[in-house]
Amino acid sequence: MSRDDLFRAPKGVHDVLPPESGRWTAIVARFAERARRYGYGLAITPMFEHIEVFQRVGEHTDVVAKEMYELTDKGGRRLGLRPEGTASVVRAYVQHRPTPPWKVWYVAPNFRYERAQKGRYRQHWQLGVEALGVADPDIDVEVIALLAGFYRDLGLTDARLLLNSMGDAATRPEFVAALRAHFVAHGRALGPEFLERVEANPLRVLDAKVPDWQDVIESAPQLTEHLSDAAATEFEAVQAGLRALGIDFELAPRLVRGFDYYTATTFEFQSDALDAAQNALGGGGRYDGLAEEMGGPPTPGIGFGSGLERIVLALEASGVPAPASGTDVFVVDGLGAEGGTTVGGLVEALRSDGFAVDRAYGGRSVKAQWKVADRSGAPLAVMVGRDELTRDAVAVKDLASGEQVEVPRSGLVAWLVQRREGRAV
Ligand code: AMP
C-alpha cells in the first residue's frame, strides 16, 4: 500500500462531512423525536462485546459467521465489533434487568466485512428500537407504526412494508424439516453450495438471490401454512392492528431476514428508489428466545434496525431536498479593527438568543465577507457599519432577494424571530 493510500479511509468505510451530514443530523433528530413520542429511551451500548454475545449457539448467519470483525485485545479477550444492534441491547437487558416493558432506541455504527458496493459498507449506521418484555401483538404493531411513520415524515412515500411470521418454537422444527426435505428432493442438481446451505439452515435458502435456485424456492412449503394455532392467531392480530392504523403491507412468505434468532413477526421495508440488491431500508422482527440464550429470564422481544446510509440514498433517489444550511444569520463586520469587540459581541449575543450565526475571520475586507455570506447558505446577513453604529442600528439583508433594511440594534432579536416565524414585518 502506498503512503497516500494509508492516509485514506479503508475500503468500504467513509466519512460523513458537511453539508451531507446536515441530512444525517435531521434524520437522527426526527428519529429521536419519534422514539420519544412512542416512549422509547436512548440506549448506548459499547461498540465491541465479548464475542459470545454475537456468536451464540444456533447463530449461523453470514453476518456473524463470516463478516464479523473479530479481535483479541492486549488482555487476551476475544471481542467482536458489533455487527448488528439487537444482540448488544439484549445483552444490556440481561445484565441490568430493567423492569419490563423496556423500550429503547439507538443510533450506532455496525461493522461487517462485506463486499463493499453502493449501499453496502463495512461500517454502516443503524437507527433502531427494541422493546423487551411484551408479548402482546400491539407492540409489534407499535414498532412497525413507529418505523412507517418515520419514513413517511421523511418523505419516503414509496417504502413498501413486507410482513411474515416465522412461527414459534413449537412448529419451527417441523417446518424446517419439511423445507429441508423439499430442497433435498428437488434441488439435488443445484450443486454443493446449495446443499451445504440446506444442510446448515434451510430457512436461509428461502431469501437467497441465486437465479438458478428460484424455481425450487418458489415451490417450497410456506412458513405461514405451518403456523401453530397460537402463532396464526397472533399473526392475524398484528395484521388487524396494522389495518386499523391504515398501514399498508404485503404478506411475504419467503421473508426470513438475516438472523437465526427471529420468531413470529418479521418485517422489512423496501424502497423501489434503491437498487434491487440493496433495496431494504430497514427491518426487524420478534426474537422471543434471545434473552434466554444469553442467560436471562424468558423475555419476549421485538425490534428493528434501519440503515442510515440507505435512508440517505433513498431520499436522494426520491428527490427529497436536503435540509438547508444550518446557519440562520451571517454577520458581516463593517467596522474592522476600530470596532473592537462590537461585532464579536453581536455574534455571541445572537447565538445566546438561539440563532445559528456564522461570520468571517481574519479581518477580511467587507467585499470578501459578503462573498462568504452568499456562500454560507444563510438566508439573512446582518451588517454592522460605521453609519449604522452611530444610529445604534444594523443593516439586515435578505441574501436571496438582495433587499436590505435598517433595524435598531435593540429590536434586532424580535425582528429576526418574527421573520423566522414567517410573519410580515
Ligand atoms: P440487518 O441488520 O442486516 O437486518 O440490516 C438492517 C438494515 O441495515 C438494512 O435494511 C439496511 O438498511 C442496513 N444495512 C445492513 N447492512 C448494511 C451494509 N453493509 N451497509 C449499509 N447498510 C446496511
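When a ligand or atom number is given, it counts from 1 through the structure's own listing order. Because the structure is predicted, anything quoted here is derived from the model rather than measured. Just so you know, residue 1 is the first one in the sequence shown, and it goes up from there.
Taking the six-membered ring where tryptophan is involved, the planes of F267 and F269 are perpendicular, since the angle between them exceeds 60° and thus also 30°.
For ligand 1, the atoms sitting less than 4.0 Å from at least one non-hydrogen atom of A280 are 9 (C), 10 (O), 11 (C), 12 (O), numbered in the order shown with element in parentheses. Here is the list of ligand 1 atoms found below 4.0 Å of a heavy atom in G305: 6 (C), 7 (C). Atom numbering of ligand 1 starts at 1 in the shown order; those under 4.0 Å from a heavy atom of L281 are 10 (O), 12 (O).
Among E268, R112, Q123, the residue whose heavy atom sits closest to atom 16 (N) of ligand 1 is R112. When E309, H124, R120 are checked for heavy-atom proximity to atom 14 (N) of ligand 1, H124 turns out nearest. Distances from atom 21 (C) of ligand 1 to the heavy atoms of G284, G119, G307 put G119 nearest. By heavy-atom distance, the residue among Y121, Y113, F111 lying nearest atom 20 (N) of ligand 1 is Y121.
Relative to the ring axis of Y113, R122 places its NZ or CZ within 45° and under 6.0 Å from the centre.
Distances between N or O atoms of E114 and those of ligand 1 include at least one value under 3.5 Å.
Between the side chain of N164 and the backbone N or O of P253 there is at least one donor-acceptor pair closer than 3.5 Å. The backbone N or O of T263 lies less than 3.5 Å from no partner atom in the side chain of D288, so there is not a single donor-acceptor pair. Of the possible donor and acceptor atoms, none in the side chain of R310 sits under 3.5 Å from a partner among the backbone N and O of N279.
Between R82 and E49 no salt bridge is recorded (no basic side-chain N to carboxylate O distance below 4.0 Å).
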